[in-house]
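Heads up: the structure comes next, in structure tokens.
Just so it is clear, the structure is predicted and the values come from calculations on it, not from any experiment. Excluded from the calculations below are hydrogen atoms, water molecules and symmetry mates; all remaining heavy atoms, backbone and side chain alike, are included.
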Amino acid sequence: MSEHRNGFLPINTNTFDRVFIAVVQFVALALLWMRFIEPFAPLWIATVISLVIGQWIVRKG
């Protein structure tokens, strides 16, 4: 049976849902970073930020 729980996300999610949301935010942040912030800061910073946010979403979401 799949683990459904309520976290800070406004929907009931299982682990796959939270991983999918984390991957989508990773891609979105990377694209926004490349468009607006890349001239000022390298992309690896966005990667680190995305990994931290993704881990938080998967654990607490």
Side-chain angles (χ1 to χ4, degrees):
M1 191 154 185
S2 143
E3 171 200 349
H4 288 279
R5 69 176 182 188
N6 288 326
F8 65 86
L9 295 172
I11 57 175
N12 290 332
T13 59
N14 60 24
T15 304
F16 175 78
D17 295 332
R18 293 188 302 273
V19 170
F20 180 76
I21 292 168
V23 169
V24 169
Q25 74 82 25
F26 180 88
V27 171
L29 183 62
L31 290 173
L32 289 170
W33 193 278
M34 286 187 284
R35 174 65 177 100
F36 297 109
I37 303 174
E38 183 77 36
F40 313 109
L43 187 59
W44 67 265
I45 297 172
T47 303
V48 171
I49 293 170
S50 290
L51 290 174
V52 170
I53 293 172
Q55 181 183 21
W56 182 58
I57 289 172
V58 171
R59 288 187 179 205
K60 304 288 183 180

Any donor-acceptor N/O pair, R18 side chain to T13 backbone, under 3.5 Å: yes
Joint hydrophobic cluster, [X] plus [Y], side-chain heavy atoms closer than 4.5 Å:
X: V48; Y: L43; value: yes
X: I37; Y: W44; value: yes
X: I53; Y: I45; value: yes

Value rounded to 0.5 Å, distance of CD1 in I57 from CG in L9: 6.5 Å
Between side-chain atoms of residues 21-35 and protein atoms elsewhere (two or more places apart, or another chain), which donor-acceptor pairs fall under 3.5 Å?
from	atom 1	to	atom 2	distance (Å)
Q25	NE2	A22	O	3.3
Q25	NE2	S50	O	2.9
W33	NE1	A41	O	3.3
W33	NE1	P42	O	3.2

For F8, all residues meeting ring-ring contact (aromatic ring centres under 6.0 Å, His included), sequence neighbours excluded: W56
